[in-house]
Amino acid sequence: MPELPEVETYRRFLNEVLLDQTITALEVQDAHVLAVEEDVLRQALVGRTITGTSRLGKNCFLQLDSGQVLVWHFGMTGDVGAYRDGPDAPRFTRVALHLSSGLRVAFVDPRKFGRIRLAESVEQYRQAKKLGPDALDITAEQLQHKLSKRKTILKPLLLDQSITAGLGNWIVDEVLFQARIHPERVAQTLSTREFEDLHTAIQLVLHTAIGHEATYRDFPASFLIHAREWDDSATPGTDQHRFCPRHSDTEIAKSYVGGRATYTCPHCQAAD
DNA sequence: GTCGATGTTAGCAC
DNA sequence: TGTGCTAACATCGA
């Protein structure tokens, strides 16, 4: 379920197990997730030491002592894992790094939309992918500058990784709910105050999600996320989670905006 | 068997 | 060049 908070959580885990480790072998169970030739990747990795980790948007970077960077993008269903023996590999492990510590670190991805790449630097990758500033770093002013002349609806713009990197479908819904802004508002029509609200909401949602290691059921009751169908924290048999956290008599609406499933509170988020 | 899915990218028509 | 829409990717799980 990797959006920025999940990727940050994965990065912290990878930093724990990978830092200063030397890669002793590259295990490829399904080359589909490789966006670089397997032999080229093996040549670049085996014998190298990981000197640091970083993240930009939904991308996780593993810095190699060669200067190159290993880039992990988790697609829709990517995850990480660690194990010691072959048979213990998590289900859907596609690629694993064998480490000098004896541990093996898995790139797990059931639906195989994730990708492993090699880049010359984070900056080179950022430019190649045209990634905007990380959603945790972008300021209200930058956000306003990038959006205030756009004549299209807000939600697809917030999902656009070249405007700001890291926001995905559920986070954008949560951010817009917290900021009390409708996803189909034309970006150009937002006031400075609303851009500030948007920025505040981005900070709130991302910091909350990272603080809970992206475990949704632990999020505050004030969050819209509990209304998403895959949230199972509500007591079975009740529909409590289908209602707005702020208006217990208002049912959360599901629609499609820019082709993506979108949840809103009709009461909090006026259409215009 | 059917449907929808958290991300990204290409293609097409304006 | 910007925009909006759709499909495709591969597969699972409800």
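Side chains included, hydrogens not; waters and symmetry mates left out as well; all remaining heavy atoms used. Please read these numbers as outputs of a predicted model, since none were measured by experiment.
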Item to complete: Describe the nucleic acid contact of A:Gly168 in one word from base, sugar-phosphate, nothing, applying a heavy-atom distance below 4.0 Å.
Response: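 Sugar-phosphate contact only - A:Gly168 comes under 4.0 Å of backbone atoms but never of a base.
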Worksheet item: How is A:Phe92 classified with respect to the nucleic acid when contacts are heavy atoms under 4.0 Å: base, sugar-phosphate, or nothing?
Response: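 Touches sugar-phosphate only.
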Discussion item. Under the ring pair (Phe, Tyr, Trp, His ring centres under 6.0 Å) test against A:Trp72, which residue among A:Tyr125, A:Phe107, A:Phe61, A:Phe13 passes?
Written reply: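 Of A:Tyr125, A:Phe107, A:Phe61, A:Phe13, ring pair (Phe, Tyr, Trp, His ring centres under 6.0 Å) with A:Trp72 is met by A:Phe107 alone.
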[N] [atom2] sits how many Å from [X] [atom1], rounded?
X	N	atom1	atom2	result
A:Leu157	C:dT3	CG	C1'	10 Å
A:Lys155	C:dC5	NZ	P	14 Å
A:His32	C:dA10	NE2	P	4 Å
A:Leu4	B:dG7	CG	P	12 Å

Practice prompt. Compare the minimum distances between each of B:dG7, B:dG4, C:dT3 and the side chain of A:Arg150, then state the nucleotide with the smallest one.
Written response: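 Nearest to the side chain of A:Arg150 among the choices is C:dT3.
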Worksheet item: Across all strands, who's sitting opposite B:dC14 as a Watson-Crick or G-U wobble pair, both distances under 3.5 Å?
Response: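 Looking at the geometry, B:dC14 pairs with C:dG2.
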Worksheet item: Who is the Watson-Crick or G-U wobble partner of C:dA10, with both distances under 3.5 Å?
Response: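 Its partner: none found.
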Should [X] be listed as having a side-chain N or O under 4.0 Å from OP1 or OP2 of [N]?
X	N	answer
A:Gln161	B:dG7	no
A:Arg260	B:dT6	yes
A:Lys129	B:dT9	yes
A:Lys254	B:dA5	yes
A:Tyr256	B:dA5	yes

